[in-house]
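Before we start, here is the structure in question, set down as structure tokens.
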Amino acid sequence: MKIKMKDGSIQEAGFEEELGKNAFRHTTAHILAQAVKRLYPTAKCAIGPSVAEGFYYDFDFDFRFSEENFAEIEAEMKKIVKENLQLKHFTADRKKAMQAMEERDETYKMELLNELPENEEISFYQQGEYLEMCAGPHVAYTSAIKAFKLLSVAGAYWRGDEKNRMLTRIYGTSFPNEAMLEEHLNQLEEAKRRDHRKLGKELGLFVLFEEGPGFPFFLPKGLILKNLLIDYWRKLHTREGYVEISTPIMLDRQLWETSGHWEHYRDNMYTTSIDGVDFAIKPMSCPGGMLVYKMKPRSYHEFPMRISELGLIHRNEKSGTLHGLMRVRCCTQDDAHIFMAPEQMQDEIKGVAHLIDEVYSNFGFKYHVELSTRPEKSIGSDEDWDMATKDLKNALDDLKLPYVVNEGDGAFYGPKIDFHLEDSIGRTWQCGTIQLDFQLPHRFGAEYIGEDGKKHRPIMIHRVVFGSIERFIGILIEHFAGKFPLWLSPVQVKILSISDKYNDYAKEIEMFLKKEGLRCEVDGRAEKIGYKIRTAQLERIPYMLVVGEKEVNANCVSVRKRDGGDLGSMPIEQFLEVLHEDEMQ
């Protein structure tokens, strides 16, 4: 596939490559915009980038646009593809660019142009009559776009600012052939069936109220799930030599100025005033962890010092980005900070990577790794950044972990390794991270007495495994489609009485299983047994025990497995063996 770059050069790239995929979908966005302008000449174009699973374009329509308009737009897009229009690249100075956009009454493009320097050379791509101010890249001809689909429509404030006009965002996706598109659309349908917001409500796990947008409420079964994950996390961290602390959710502004968050993260922080002093609710736990480290003199004998915290954090996310448990304003971050000497860095980085690998493997996730380097807005010297980045690279090489470099996406205080897990339907989620930090210990004046008896500056690792408990739960719900493994299921066994005459026996079974440490419930309603079984199946209960006259007389239970059907009758002790075998798998 030929890709036309901003400098006018042509490069070859396949769709499986990032360059090829971005150019392909970016071009599809232009084809969408051209079709819209042909059909609705008064529409104004804003921006239209490629995104992870496709593309979108923002428009300002002078009528009520809906998905009912998709059919005629897709038909016009197919015509543009068939016309095999060449994407021609050229540049113009700002004055000529402004004139071109003014002639087309593209007010949003004009606003963007107004913010550029007068001597700026503006990059344009043109296909037929359609002209787009754009840096590219794009495919060479529209005929390369073989298969596409418009997916949804949403509102989006111009430039993400709630004070600006609400635009219409059209989402779509595209692929080199119909078979790939069909596979992707089937995946989207499966994702809808697995949507954690839908399943979370159906399974009684969590709820989001209008009174608290972005602030999830966990229901009894959801809290069981959350606590099971926390228990698992704590056992692993105790084994790995971490000590756990808890720091306040709100601290003095001066602390956040010292850490750099006030300058670099202020827009995402909630603030208040107490006794005339500014305070901020913590968006991260690391500054509090620094205060704990500094509370007394430290020695190299204490290193590596592994301090974990299940920190409740709050972040001021824009309302348009909120999405169930995946993007919230309040969450529990499974944070930890490791303080160490320089010679301990490699072992500690590798130790965290092994821990993350163990957790993801336990849940059946594959994953890939990205190394994110220094962003444009950052703190610290070039020397520190170069050293930190080199150390992360060396650790990944020693671990023989394949990785890609994500330029400029590091934290403002240091480079990081990000772990992107893959769920059961092929989607990826960024969860675990290892961030190497030379800056916070320096800014807080943290020290330790080394083996030489002199003061030294510790090096700090920030790391999470789940990312946040809430988001990880959302991922797990969708990964398992609500069918959690036995150890993680809020209700492991449901006892179903054939009629209320056998409720007492069902209660005896329940009490026995609870003494064995199992989570179980009785369905003693005056309903037919078929209805009770269907209800338990919809609740994704791993095991159902049917009890009636036969079971009471034989002092046994009839066992049904969530995905294995009828396992027959057996004594309750034998059923415990079945559960034990299930947990070992």
**OP:** Mind checking side-chain contact (heavy atoms from CB on, under 4.5 Å) for Thr173 and listing every partner two or more places apart, or none if nothing turns up?
**Re:** Arg25, Leu151, Phe175, Leu181, His184
**OP:** Identify the heavy atoms of Phe59 and Ala33 that sit nearest to each other, and give their distance.
**Re:** CZ-CA, 3.8 Å
Subject >> Side-chain donor/acceptor of Arg306 to backbone N/O of Glu240, under 3.5 Å >> reply: yes
Subject >> Counterpart residues, ring-ring contact (aromatic ring centres under 6.0 Å, His included), relative to His30 (two or more places apart) >> reply: His26, His138
**OP:** State plainly whether the residues Lys226 and Glu470 are in salt-bridge range, i.e. N to O under 4.0 Å.
**Re:** yes
Original post:
Which residue pairs satisfy the ring-ring contact (aromatic ring centres under 6.0 Å, His included) criterion with at least one member in residues 142-162, sequence neighbours excluded?
Top reply: Tyr108-Trp158
Original post:
Can you name the nearest heavy-atom pair linking Ser50 to Asn22, along with the distance?
Top reply: OG-OD1, 3.4 Å
Original post:
Sequence neighbours excluded, which residues qualify as side-chain hydrogen bond (donor to acceptor under 3.5 Å, both in side chains) partners of His261?
Top reply: Ser259
**OP:** Taking all heavy atoms of Tyr242 and all of Val352, pick out the closest pair and write down the distance.
**Re:** OH-CG2, 4.0 Å
Original post:
Looking at side-chain heavy atoms only, is the closest gap between Ser489 and Ile541 below 4.5 Å?
Top reply: no
**OP:** For the pair Gln187 (side chain) and Ile425 (backbone), establish whether a donor and an acceptor sit closer than 3.5 Å, ignoring hydrogens and angles.
**Re:** yes
Original post:
Is His314 reaching over with its side chain to a backbone N or O of Cys330, donor-acceptor style, under 3.5 angstrom?
Top reply: no
**OP:** Verify the distance criterion only: is there a donor paired with an acceptor across the side chains of Glu407 and Thr373 at less than 3.5 Å?
**Re:** yes
**OP:** May I ask you to decide if Gln127's main-chain N or O and Gln34's side chain share a donor-acceptor pair within less than 3.5 Å?
**Re:** yes
Subject >> Counterpart residues, side-chain contact (heavy atoms from CB on, under 4.5 Å), relative to Gln430 (two or more places apart) >> reply: Asp418, His420, Thr433
Original post:
For Trp429 and Phe365, what are the C-alpha separation, side-chain angles and deciding distance, and is it a ring-ring contact (aromatic ring centres under 6.0 Å, His included)?
Top reply: CA-CA 10 Å; Trp429 309 89; Phe365 291 122; 9.5 Å; no
**OP:** Please list, chain by chain and in numerical order, all residues satisfying ring-ring contact (aromatic ring centres under 6.0 Å, His included) with Phe218, sequence neighbours excluded.
**Re:** none
Subject >> Ser152/Glu67 under side-chain hydrogen bond (donor to acceptor under 3.5 Å, both in side chains): CA gap, chis, key distance, verdict >> reply: CA-CA 7 Å; Ser152 62; Glu67 293 184 13; 5.3 Å; no
Original post:
Between Ser123 and Cys134, is there a donor-acceptor pair closer than 3.5 Å when you use the side chain of the first and the backbone of the second?
Top reply: yes
Original post:
Okay, side chain of Arg315, backbone of Pro283: is any donor-acceptor separation there less than 3.5 Å?
Top reply: yes
Original post:
Is a side-chain donor or acceptor of Gln86 paired with a backbone partner of Ala140 at a separation under 3.5 angstrom?
Top reply: no
**OP:** Could you tell me whether Lys561 and Glu581 have a side-chain N and a carboxylate O separated by less than 4.0 Å?
**Re:** no
**OP:** Among Ile461, Ile349, Asp437, Ile434, find the residue that satisfies the side chain to side chain contact (heavy atoms under 4.5 Å, CB included) test when tested with Ile338.
**Re:** Ile461
Subject >> Residue pair Tyr543, Phe575: steps toward the ring-ring contact (aromatic ring centres under 6.0 Å, His included) verdict >> reply: CA-CA 10 Å; Tyr543 287 91; Phe575 173 61; 5.6 Å; yes
**OP:** Give a yes-or-no answer on whether the side chains of Tyr171 and Glu53 include a donor-acceptor pair shorter than 3.5 Å.
**Re:** no
**OP:** Would you give the length of the straight line joining atom CG of Leu225 to atom CZ of Phe206, rounded to the nearest 0.5 angstrom?
**Re:** 10.5 Å
Subject >> Heavy-atom donor-acceptor pair, Gln492 side chain to Leu486 backbone, under 3.5 Å >> reply: yes
**OP:** Taking Thr27 for its side chain and Val139 for its backbone only, find out whether a donor-acceptor pair lies under 3.5 Å.
**Re:** yes
Original post:
Between Asn69 (side chain) and Ser66 (backbone), is there a donor-acceptor pair under 3.5 Å?
Top reply: yes
